[in-house]
Amino acid sequence: MKILRVNLTKGDAVFEDVKPEYKVLGGRGLTSKIIADEVDPGCDSLGQGNKLIFAPGIMAGTVFPNNGRLSVGAKSPLTGTIKESNMGGAVGQYLAKLGIKAIIVEGVSDSFVYLKVSKEGVEIIQADGLVGRGNLDTIEILKKKYGEKISIISIGQAGERRFLASAISGTTPDFFPRMAARGGLGAVMGSKKLKAVVIDGSGTDGIEIADPDGLKAASKALSKGIMQHPLIPALENLGTAFLVNMINELGAIPTKNFSRGRFDGAAKISGEHMAEVLSKRPNAKMKHRCMAGCLLSCSNVYTNEAGEVVTSGLEYETLGLVGSNCMIDDLDIIAEIDKLCDDYGVDTMDVGDALAVAMEAGRIPWGDGKAALQWVKEIGTEGENGKLIGNGCRVTGETLGVKRIPVVKGQSISSYDPRVLKGTGVTYASSTMGADHTCGNALPSPANPDYNPSAPTGQGPVSKFLQAFFAAIDSLGMCLFASLPMLDMPELQKDLVAAVSAKLGESLSEDYLMELGTMVMKVERAFNEAAGFSEKDDRLPDFFYEEKLDTNGSVFDVPQEEIDAVYQ
Ligand code: SF4
């Protein structure tokens, strides 16, 4: 495999040999290692010195279950920390098929360009007809030009304008956008004047696998085990939207800007209700695969009554943060907002929390979905309200003088209240990426009834374990939903280790996942310390320590020493 280095200042692209220490890395582990090796932690995130890295996971393009996610890394303009955000879709698998271990984008182009990457090589092409367009138009135009054997990475208007909540899109095999949403990485891509990357994965020789039979056998065993977990049927039938009712029941769904833990309108935005609505609409799907090889089909295709596609897919985080946290209980409006966010290329989570903060400031009535939709439209037209929420929750809250701003290190909190889910709260506080549930979400599980997510003590070690586990999963390029069963059924990890060993031709230890994840966390933490972050930044916003949540009467009371111990 090769590393593709593109220098947009010079306008050149070269393939380089993979350094020996990068050979066993991929996904988040590789993006973070390259950033730590090549980017000055003190650099301006939107300046010449930052680099944007795209890296498929270690297992991309193989028969390993639910894998092929693409990691995107850079120094984040939203948090100032190192950042990795990953997306489903076909892009990771296509890059792996081309033998590309990572693309390193450095420098800044004079004008907007896009890259075309194929087995013939790399072209840097002027993006004249694409500038100012959203992701949906950009995808259509490039598909018309290059046919359907491609996948596309792109930014919308938000990334071009370097809005701090901007995301990077990558296409599914059927050309729906999927987002590397968090951390404002779309703004980094926009700052380099890179509009898109077209990947033509056709006609390649396939993936190098040291022991194909070993990989096949271990992957089969792992897939079988994953499907036996008790939460899998809910995920298969309702997608992540099944969490609306579950987290609402727990009293942990963010409501009215994290001032309550239960939402009266939860049933109307639940997965069960969505399934009922979509069952009557032409062309809708409650099951959709964002990538080839997915076992679970947790995604969906949301259509309107006429059967026109509105968005794919509508997920729990959007339902929680645009829905309950803003007290909006209209699925059609939430789906419209999701579509616009995908098109302009912004993170629905940071935008959802920003809308709730604008409601707290009295700028939008609580629950007024139509007014919220108008604000989101202004991201595309660059209206004043759009500039606010397009730059995320922190900018919105600080500009409007709101005291209760749900962010950690500048990134908005996900759709789980940390006063109930306290292990997740430790992750929000201490992760290397700002508040991010995907770094280590400590949810209760029917397969692990002994875990009490609301106990004030013992959450630090839980979060520490989960943060290492998911740093490794993100490095493999595996979808985290398929990895969840391994937490409750640790015996499956031996199949995972056997599969990775067979792919790499290495005899990996049974602690492989923890060793890999711990290494990744250390690399990222060292970068952040060099960028000026310390333990004092590992704190939740004050109101979580001061205001008792109505549902369990608790504040966030995990001792700070437990949080600080995550990195000791
Ligand atoms: S489970 Fe969902 S997110 Fe994961 S690969 Fe399948 S469709 Fe994509």
Side-chain angles (χ1 to χ4, degrees), residues 76-79 85 134-136 155-169 177-187 190 254 256-258 269 310-311 313-328 330 333-361 363-364 366-400 402 405-408 410-415 434-437:
S76 162
L78 186 74
T79 62
S85 186
N135 284 311
L136 301 179
I155 53 171
Q157 296 93 337
E160 286 182 26
R161 291 168 190 155
R162 301 191 277 173
F163 286 171
L164 296 181
S166 56
I168 297 178
S169 159
R178 285 294 177 277
M179 295 289 157
R182 308 238 69 195
L185 296 182
K256 208 176 182 191
N257 191 27
F258 288 91
I269 60 168
V310 179
T311 193
L314 186 54
E315 297 194 17
Y316 170 68
E317 297 304 324
T318 309
L319 294 164
L321 297 175
V322 176
S324 58
N325 206 29
C326 295
M327 304 190 77
I328 296 172
D330 184 328
I333 287 207
I334 299 169
E336 270 303 323
I337 288 175
D338 189 63
K339 174 192 184 155
L340 290 179
C341 288
D342 283 356
D343 194 23
Y344 302 146
V346 282
D347 176 12
T348 57
M349 299 170 65
D350 235 296
V351 167
D353 278 338
L355 287 167
V357 158
M359 289 177 176
E360 184 147 319
R363 297 288 299 273
I364 308 173
W366 285 109
D368 189 339
K370 285 190 180 143
L373 184 63
Q374 285 311 315
W375 275 54
V376 174
K377 282 185 180 161
E378 287 191 34
I379 298 174
T381 57
E382 223 178 340
E384 287 308 311
N385 295 327
K387 279 191 217 163
L388 268 186
I389 59 174
N391 278 301
C393 179
R394 173 161 69 177
V395 167
T396 305
E398 287 176 353
T399 308
L400 299 180
V402 173
I405 307 175
V407 298
V408 178
Q411 181 164 267
S412 75
I413 288 183
S414 314
S415 195
D436 190 336
H437 66 291

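The analysis underlying the following values was restricted to heavy atoms, covering all of them including side chains, and did not include hydrogens, waters or symmetry mates.
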Strictly distance-based, threshold 3.5 Å: is any side-chain N or O of Asn325 a donor or acceptor partner for the main-chain N or O of Asp353? no
Which distance, rounded to the nearest 0.5 Å, do you find between the CG of Leu355 and the CD1 of Ile328? 6.5 Å
State, to 0.1 Å, how close Ser324 and Ile269 come at their nearest heavy-atom pair, and which atoms those are. N-CD1, 3.9 Å
In chain order, what residues pass the salt bridge (Lys or Arg N to Asp or Glu O under 4.0 Å) check against Glu317, with sequence neighbours excluded? none
Heavy atoms only: give me the nearest Ser414-Phe258 pair and the separation to one decimal. O-CZ, 3.4 Å
Here the pair of heavy atoms bringing Asn135 nearest to Gly156 is OD1-N, 3.4 Å
Can you tell me how far CD1 of Ile379 sits from CD1 of Ile337, rounded to the nearest 0.5 angstrom? 9.5 Å
Asp342: what forms a side chain to side chain donor-acceptor pair (under 3.5 Å) with it, not counting sequence neighbours? none
Determine whether Val322 and Met349 make a side-chain contact, defined as any pair of heavy atoms from C-beta on separated by less than 4.5 Å. no
Name all residues meeting the side-chain contact (heavy atoms from CB on, under 4.5 Å) criterion together with Thr348; count only those two or more places apart in sequence or in a different chain, and write none if there are none. Thr318, Asp338, Cys341
Check salt bridge (Lys or Arg N to Asp or Glu O under 4.0 Å) between Glu398 and all other residues, then give those that pass, not counting sequence neighbours. none
Can you tell me how far CG of Leu400 sits from CG of Leu388, rounded to the nearest 0.5 angstrom? 5.5 Å
side-chain contact (heavy atoms from CB on, under 4.5 Å) with Ala335: which residues, sequence neighbours excluded? Tyr302, Val310, Thr311, Leu314
Has the side chain of Ser166 got a donor or acceptor atom that lies under 3.5 Å from a matching backbone atom of Val346? no
Please enumerate all residues that pass side chain to side chain donor-acceptor pair (under 3.5 Å) together with Gln157, with sequence neighbours excluded. none
Rounded to the nearest 0.5 Å, what's the gap from CG on Asp343 to CG on Leu136? Could you check? 4.0 Å
So do Leu373 and Leu340 actually touch side chain to side chain, heavy atoms under 4.5 Å? yes
Test side-chain contact (heavy atoms from CB on, under 4.5 Å) on Val351 and Trp375; report intermediate values, then the result. CA-CA 10 Å; Val351 167; Trp375 275 54; over 6 Å; no
Give me each pair satisfying salt bridge (Lys or Arg N to Asp or Glu O under 4.0 Å) with a member in residues 368-381, each pair once, sequence neighbours excluded. none
Just by modelled atom types, is the Lys387 backbone N or O under 3.5 Å from a matching donor or acceptor in the Arg161 side chain? no
Exercise: identify the closest heavy-atom pair between Val402 and Ala361: CG2-CB, 3.6 Å
Are the side chain of Tyr316 and the backbone N or O of Ser415 linked by a donor-acceptor pair below 3.5 Å? yes
Is there a donor-acceptor contact under 3.5 Å linking the side chains of Arg394 and Ser412? no
Set of side chain to side chain donor-acceptor pair (under 3.5 Å) partners for Arg162, sequence neighbours left out: none
If you round to the nearest 0.5 Å, how far is CD1 of Ile334 from CD of Glu315? 13.5 Å
Using every non-hydrogen atom in the two residues, find where Ala181 and Ser85 come nearest and quote the distance to one decimal. N-OG, 3.2 Å
Considering residues at least two apart in sequence or located in another chain, which fulfil the side chain to side chain donor-acceptor pair (under 3.5 Å) criterion with Glu336? none
Do the side chain of Ser169 and the main chain of Met179 share a donor and acceptor less than 3.5 angstrom apart? no
Donor-acceptor pair, distance only, cut-off 3.5 Å: does the side chain of Asn257 make one with the backbone of Val357? no
Check side-chain contact (heavy atoms from CB on, under 4.5 Å) between Ala354 and all other residues, then give those that pass, not counting sequence neighbours. Ile389, Cys393, Thr396
Does Val407 reach the side chain of Ile413, with side-chain heavy atoms less than 4.5 Å apart? no
Within the distance-only criterion (no hydrogens, no angle test), does the side chain of Asp347 pair as donor or acceptor with the backbone N or O of Arg182 below 3.5 angstrom? no
Closest contact, heavy atoms only, Gly183 versus Ser76: O-OG, 2.7 Å
For the residue pair Phe163 and Glu382, establish whether any side-chain heavy-atom pair is separated by less than 4.5 Å. yes
Would you please name every residue forming a side-chain contact (heavy atoms from CB on, under 4.5 Å) with Ala165, sequence neighbours left out? Asp350
